[in-house]
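Below is one structure, written out as structure tokens, with a few remarks after it.
Reminder, nothing fancy here: chain letters follow the sequence lines and each chain counts from 1. Model, not experiment: these values are computed from the prediction.
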Protein chains: 2
Amino acid sequence: MNIPVAEAERSDSLEATPSGRGSTRERVERSLRHALLTGRFVPGRPVTLRGLAQDLGVSPMPVREALRSLAAEKALDIKPNGRVQVPTMTPERLAELQQARLMLEPELALRAAAKLNPGDARALKEIDDAIDKSIDGGDAETYMRLNHAFHFHVYRAAGSEVLLPLVESLWLQFAPFMRIVYGRVGTAALEDHHKEAIAAVASGDGPALQSAIASDIRGGMKLLQGAGYEAVPDTNSTKD
Amino acid sequence: MNIPVAEAERSDSLEATPSGRGSTRERVERSLRHALLTGRFVPGRPVTLRGLAQDLGVSPMPVREALRSLAAEKALDIKPNGRVQVPTMTPERLAELQQARLMLEPELALRAAAKLNPGDARALKEIDDAIDKSIDGGDAETYMRLNHAFHFHVYRAAGSEVLLPLVESLWLQFAPFMRIVYGRVGTAALEDHHKEAIAAVASGDGPALQSAIASDIRGGMKLLQGAGYEAVPDTNSTKD
DNA sequence: CGCGGAAAAATGTGATCACGTAGCACGGAA
DNA sequence: TTCCGTGCTACGTGATCACATTTTTCCGCG
């Protein structure tokens, strides 16, 4: 099960995240979460406690807690012998993730619609413009970060303390795999429905926003359906 | 383990969980999870790291990780100063929890139906008979344990790696509050739909099972709607 | 040249310690 | 009697250490 990826240098630009607020564990967890969501962690890749600690320049202790936290959200997998790795994807799990997203996220969007205002529509448009640029540029990492920002700008507005964490967990689960697929087929084939969503927000049309989000999920996940479950590409696509 | 277990046991209720397998952290987490699900932790009550460690006869270390894990599942709340407490319930959060349950659990039941066999129906009937007894006896803690066993016997059959953890998180969130309500209004007023569910399992009728679970959720949560958000009762159920 | 086993390195786990801080009670002053 | 400051206590956090176990390396034997 050893992957021949060269682990020459450890610095995956993890500590590049400038967020210096909060406790050390908080910073570590935020850093890991961000790395997961932008796909800097490859599924199947083992994650060692001391290695991460060294990368981040801290002791293994806060890393331990952060990993445990992420594992509880199913963003990481802790094998019975304690080794931590990014979960590998299976077609079944991906299908389940899509269905779970379709159950929760459109509902969240519907609730958010009532609280979103034209200012939010402008903010979303700004994000979406940047997304279009990143798609053209083929910058998968930036795209994923912005796409996440777009969706969660909507979801957060719902003010849901229950649904939002569930959806966050789902994103953490499919993001690493999504990144791999983007690395293979590129980001050009992406069809999102952000424009419809923005229009719905601007006009305050809840059901339209709900439907746009649902379509967006279907479009985004469709791309992932038949790609790359088997192994990690030995072409090291983790950095840059 | 070179730990001198010369400590006088402060509480029998926590380490009473017989599961002695696995690592210490695993046992601690299982113990806490069980305590949460059966309502032995009162919402709003502060949970201290060292206190719990002493109760369980271990060092604060595994407790720390277990708490962090539970907190990631929203079963515990870590305040900005680091203090841990069982989350308090609000009407809004309870309504969200019910709606989230209704989104996920009937779907899970529908998927489980295809894999449940008459043997499962018999097992469920056995659990349900015990539930009836515990309701008559007014034993809220036993009722909650069995009710959880009943539902998750069904849900687990679905074999879902994605939906099941989400539902587990939801249960951990409303269970402590549910326990308080039972302590106030008793368990006699409970109306469950387990009989319908068992019949549906026996006949392999998926939609019927789905509908029975949905009705069961509505019936169970309705009881909680207008009760006891304000303060925690002084009845200290864990120790002292 | 290939295989196997032993040595060595690395990993997770749990315990203990040091440190900064937040609560809290006690006591003195108004 | 009430209010406020000061000291004490307990807490969470992070680091370091010790240990058992697993993984990897590597050397010798077939």
Side-chain angles (χ1 to χ4, degrees), chain A residues 1-10 14-15 19-32 41 44-72 75-87, chain B residues 1-7 10-11 14-15 19-32 41 44-72 75-87 238-240:
Chain A
M1 200 53 189
N2 45 4
I3 302 163
V5 286
E7 305 218 316
E9 68 275 20
R10 297 206 142 274
L14 271 183
E15 73 264 60
S19 44
R21 309 169 305 270
S23 65
T24 304
R25 183 202 57 77
E26 206 169 327
R27 273 185 293 121
V28 169
E29 184 168 341
R30 207 165 25 229
S31 178
L32 294 180
F41 279 173
R45 175 113 170 256
V47 174
T48 70
L49 215 152
R50 284 172 169 88
L52 239 55
Q54 189 171 337
D55 284 352
L56 295 161
V58 299
S59 88
M61 182 65 56
V63 179
R64 216 200 287 199
E65 296 191 31
L67 290 184
R68 195 65 66 181
S69 194
L70 270 327
L76 292 173
D77 192 40
I78 299 192
K79 311 185 76 175
N81 57 355
R83 306 297 276 265
V84 179
Q85 69 168 33
V86 185
Chain B
M1 306 315 116
N2 44 9
I3 162 179
V5 215
E7 312 294 335
R10 294 176 38 159
S11 163
L14 276 184
E15 75 254 65
S19 43
R21 308 168 308 273
S23 65
T24 304
R25 183 201 56 80
E26 206 169 326
R27 274 184 294 120
V28 169
E29 183 167 344
R30 206 162 31 225
S31 178
L32 295 180
F41 279 172
R45 175 117 178 258
V47 175
T48 71
L49 216 152
R50 286 172 168 91
L52 237 57
Q54 190 169 341
D55 284 353
L56 295 161
V58 300
S59 86
M61 182 65 56
V63 179
R64 216 201 287 198
E65 295 191 31
L67 289 184
R68 195 63 66 182
S69 194
L70 270 327
L76 292 173
D77 192 40
I78 300 192
K79 309 184 76 176
N81 56 356
R83 307 296 274 264
V84 180
Q85 70 168 30
V86 184
T238 58
K239 98 173 184 55
D240 286 350

Reckon Val63(B) touches a base, only the sugar-phosphate, or nothing at all at heavy-atom distances under 4.0 Å?
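Nothing, no heavy atom under 4.0 Å.
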
So Val28(A), base contact, sugar-phosphate only, or nothing? Heavy-atom distance under 4.0 Å.
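No contact at all - Val28(A) keeps every heavy atom at 4.0 Å or more from the nucleic acid.
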
I need the [atom1]-[atom2] distance between [X] and [N], as an integer number of Å.
X        : N       : atom1 : atom2 : value
Arg50(B) : dA15(C) : CZ    : P     : 14 Å
Leu56(B) : dA15(C) : CG    : C1'   : 16 Å
Asp77(A) : dG12(C) : CG    : C1'   : 15 Å
Lys79(B) : dG12(D) : NZ    : P     : 13 Å
Met61(A) : dT16(D) : CE    : P     : 10 Å
Ile78(A) : dT11(C) : CD1   : P     : 15 Å
Gln54(A) : dT16(D) : CD    : P     : 13 Å
Asn81(B) : dA10(D) : CG    : P     : 18 Å

Please give me the minimum heavy-atom distance between [X] and [Y], naming the atom from each residue.
X        : Y        : answer
Ala72(B) : Ala72(A) : CB-CB, 3.7 Å
Gly22(B) : Arg27(B) : O-NE, 4.0 Å
Gly44(B) : Gln85(B) : O-OE1, 3.8 Å
Pro62(B) : Thr24(B) : CG-CG2, 3.8 Å
Leu49(B) : Val63(B) : O-CG1, 3.9 Å

Counting side-chain heavy atoms from C-beta on, which of dG12(D), dG12(C), dA15(C) comes nearest to Thr48(B)?
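Side chain of Thr48(B) sits closest to dG12(D).
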
For Thr24(A) and for Arg83(A), find the nucleotide of DNA chain D with the closest heavy atom, then tell me which residue's nucleotide is more 5'.
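It is Thr24(A), whose closest nucleotide lies nearer the 5' terminus.
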
Please round to the nearest 0.5 Å and tell me the distance separating atom CG of Asp55(A) and atom CG of Leu32(A).
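Result: 10.0 Å between the selected atoms.
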
Non-hydrogen side-chain atoms of Leu67(A) and Leu52(A) separated by less than 4.5 Å:
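Yes - at least one pair of side-chain heavy atoms lies under 4.5 Å apart.
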
Find every protein N or O atom lying less than 3.5 Å from an N or O atom of nucleotides 5-8 of chain C, and list the pairs.
none

Assess whether one donor atom and one acceptor atom, taken from the side chain of Arg25(B) and the base of dG12(C), lie less than 3.5 Å apart.
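Donor-acceptor pair under 3.5 Å: no.
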
Any donor-acceptor pair under 3.5 Å joining the side chain of Arg64(B) to the base of dG14(C)?
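Checked by distance alone, the answer is no.
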
Residue mapping more 5' on DNA chain C - nearest nucleotide basis, Pro60(B) or Glu65(B):
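Result: Glu65(B).
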
